[in-house]
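Structure record follows, encoded as structure tokens.
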Amino acid sequence: IYTLALHDALPIFPLPWSLEFPNFIHGFHALTPFMKRTASLATSVRHALREGGLLDGCRCLLLGVSGGADSVAMAHLLRAIAPARGPRLVVAHLHHGIRGASADRDEASVRRLAERLGMDVVVGRVEVPALARARRESLEMAARAARHDFFRRVAEATGADRVALAHTADDQAETVLLRLCRGAGSTGLSAMQSDATIGGLRVVRPLLGVSRAAIEAHLRGMGALWRTDPTNRSDAHLRNRVRRRVIPVLERELNPSVRDALCTAARLLGDDDEVLDGLARRALLRLGSGAGGLDAARLCALPVAIQR
């Protein structure tokens, strides 16, 4: 079952009352909490953009939009808070060729959203199942690779400096937990960064500090609907099991704020990893043998964390 995006207007406060004066007063009180939530969410995203320099020097920003709640909210927020003379915003949507007519409706929804927000839109299509079979990898891995290749090609065609992805704090917490269970070190456990370069493509994540619940509340408050991928409710995928089964148990049995705790751990480990990486790079310069090799004895004398 899908929720079709029928109202994709700019985040202007809706008027939930008629023009009769008593209803106006009632509507004003009903509107106030939404105004606060909207201001809070916009402030969080604006802070992330400013503190991280995510849009500094950007002439054209590509927005990866699936039609789901996170990416729909990102499009609305960036249209509303990006500087007046800021970057040109271009929506990019990839049809994965997986869910047939449902995916067609996702595409149509994204096209309407871009039109209503006054953004250009680029849509691509790839048969991910065939790609997964050819590469002998999972659908999830093949889809991720296909999206990255699509964004890279669209960025080149449009002159985009970077691509904005709508990963949230919930996505970050799930990623940390998955990597922890695989035995990752500080690099892996620092998980996703708000500003990173992946395969030569600069990727920014302005919603990484925002919860999915806050995003959905924001969209409901402004009357904007979104598409829901039914596969997100299936436990066939590992990430879905973490989201639907594992994290609720951790919240109930260990820490009601476990998502926040996992995101905090990722930030702390990211800081540590940055320091270790700098120390390792400096050590590498000192260990050069002059013939393209390394002095093995001196390498083994370094702390294990630096060697690694």
Side-chain angles (χ1 to χ4, degrees), residues 2 4-11 45 49 54-55 57-132 139-168 171 195-207 219 224-229:
Y2 284 84
L4 183 61
L6 296 175
H7 178 70
D8 289 318
L10 286 168
V45 175
L49 294 174
L54 303 187
L55 297 184
C58 183
R59 298 182 303 277
C60 180
L61 179 66
L62 201 63
L63 278 60
V65 179
S66 66
D70 302 338
S71 60
V72 167
M74 180 180 71
H76 279 293
L77 287 162
L78 289 178
R79 167 52 73 203
I81 68 180
R85 296 186 179 181
R88 172 189 170 213
L89 302 178
V90 178
V91 168
H93 174 81
L94 181 64
H95 189 305
H96 293 76
I98 295 177
R99 292 182 288 106
S102 296
D104 294 339
R105 290 191 288 272
D106 290 349
E107 177 186 324
S109 175
V110 172
R111 288 184 183 275
R112 287 193 297 272
L113 173 66
E115 181 180 1
R116 286 166 181 156
L117 294 181
M119 300 179 188
D120 293 331
V121 59
V122 180
V123 173
R125 180 169 186 139
V126 62
E127 297 298 326
V128 169
L131 188 65
L139 274 177
E140 185 178 8
M141 291 181 63
R144 186 183 301 114
R147 284 193 300 272
H148 181 80
D149 182 63
F150 170 66
F151 291 143
R152 180 184 55 76
R153 289 186 285 107
V154 175
E156 291 176 354
T158 60
D161 305 289
R162 60 210 74 169
V163 57
L165 302 181
H167 293 115
T168 67
D171 296 314
D195 191 348
T197 300
I198 304 174
L201 180 64
R202 186 174 176 185
V203 174
V204 297
R205 299 181 173 95
L207 303 186
L219 290 176
L225 305 181
W226 60 91
R227 302 284 295 174
T228 300
D229 184 345

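Heavy atoms only: backbone and side chains are in, while hydrogens, waters and symmetry mates are out.
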Around atom CZ of R59, are there more than 12 heavy atoms from other residues, nucleotides or ligands closer than 6.0 Å? no

How far does [atom1] of [X] sit from [atom2] of [Y], to the nearest 0.5 angstrom?
| X | Y | atom1 | atom2 | answer |
| --- | --- | --- | --- | --- |
| D70 | R205 | CG | CZ | 13.0 Å |
| H167 | S71 | NE2 | OG | 10.5 Å |
| H93 | R147 | NE2 | CZ | 11.0 Å |
| L61 | T158 | CG | OG1 | 9.5 Å |

Taking salt bridge (charged side-chain N to carboxylate O under 4.0 Å, His left out) as the test, write out the residues that go with D104, two or more places apart.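 Partners of D104 under the salt bridge (charged side-chain N to carboxylate O under 4.0 Å, His left out) test: R125.
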
R152: salt bridge (charged side-chain N to carboxylate O under 4.0 Å, His left out) partners, not counting sequence neighbours: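 Expected list: D149, E156.
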
Decide yes or no on salt bridge (Lys or Arg N to Asp or Glu O under 4.0 Å) for R111 and E115, but give the supporting numbers first. CA-CA 6 Å; R111 288 184 183 275; E115 181 180 1; over 6 Å; no

Evaluation steps, side-chain contact (heavy atoms from CB on, under 4.5 Å), between L49 and L78: CA-CA 10 Å; L49 294 174; L78 289 178; 3.9 Å; yes

L207 and V45: side-chain contact (heavy atoms from CB on, under 4.5 Å), yes or no, with the steps? CA-CA 6 Å; L207 303 186; V45 175; 3.6 Å; yes

What heavy-atom pair brings [X] and [Y] nearest, and what distance separates the two atoms?
| X | Y | result |
| --- | --- | --- |
| P129 | I98 | CD-CG1, 3.9 Å |
| A114 | V121 | CB-CB, 3.7 Å |
| L62 | A155 | CD2-N, 4.0 Å |
| L131 | A146 | CD2-CB, 4.0 Å |
| L165 | G64 | CD2-CA, 4.4 Å |
| G68 | W226 | C-CB, 4.0 Å |

Show, in sequence, the C-alpha distance, side-chain angles and deciding distance for F151 and L201, and conclude whether the side-chain contact (heavy atoms from CB on, under 4.5 Å) test is met. CA-CA 8 Å; F151 291 143; L201 180 64; 3.9 Å; yes

Check: R162 side chain, L54 main-chain N or O, donor-acceptor pair, under 3.5 Å: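 Pair found, side chain donor or acceptor close to backbone of L54.
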
Looking at L94, is its backbone amide N or carbonyl O close enough to the side chain of H96 to form a donor-acceptor pair, meaning the two atoms are under 3.5 Å apart?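 Indeed, once roles are kept as given, a pair shorter than 3.5 Å links the two residues.
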
For the residue pair [X] and [Y], establish whether any side-chain heavy-atom pair is separated by less than 4.5 Å.
| X | Y | answer |
| --- | --- | --- |
| V163 | V154 | no |
| R99 | D229 | yes |
| R202 | D195 | yes |

Run through D106, L113, V72, V110 and flag the one making a side-chain contact (heavy atoms from CB on, under 4.5 Å) with R227. D106

What's the verdict on side-chain contact (heavy atoms from CB on, under 4.5 Å) for H76 and L117, showing C-alpha distance, side-chain angles and the deciding distance? CA-CA 7 Å; H76 279 293; L117 294 181; 3.7 Å; yes

Can T168 and D171 be counted as having a side-chain donor-acceptor contact under 3.5 angstrom? yes

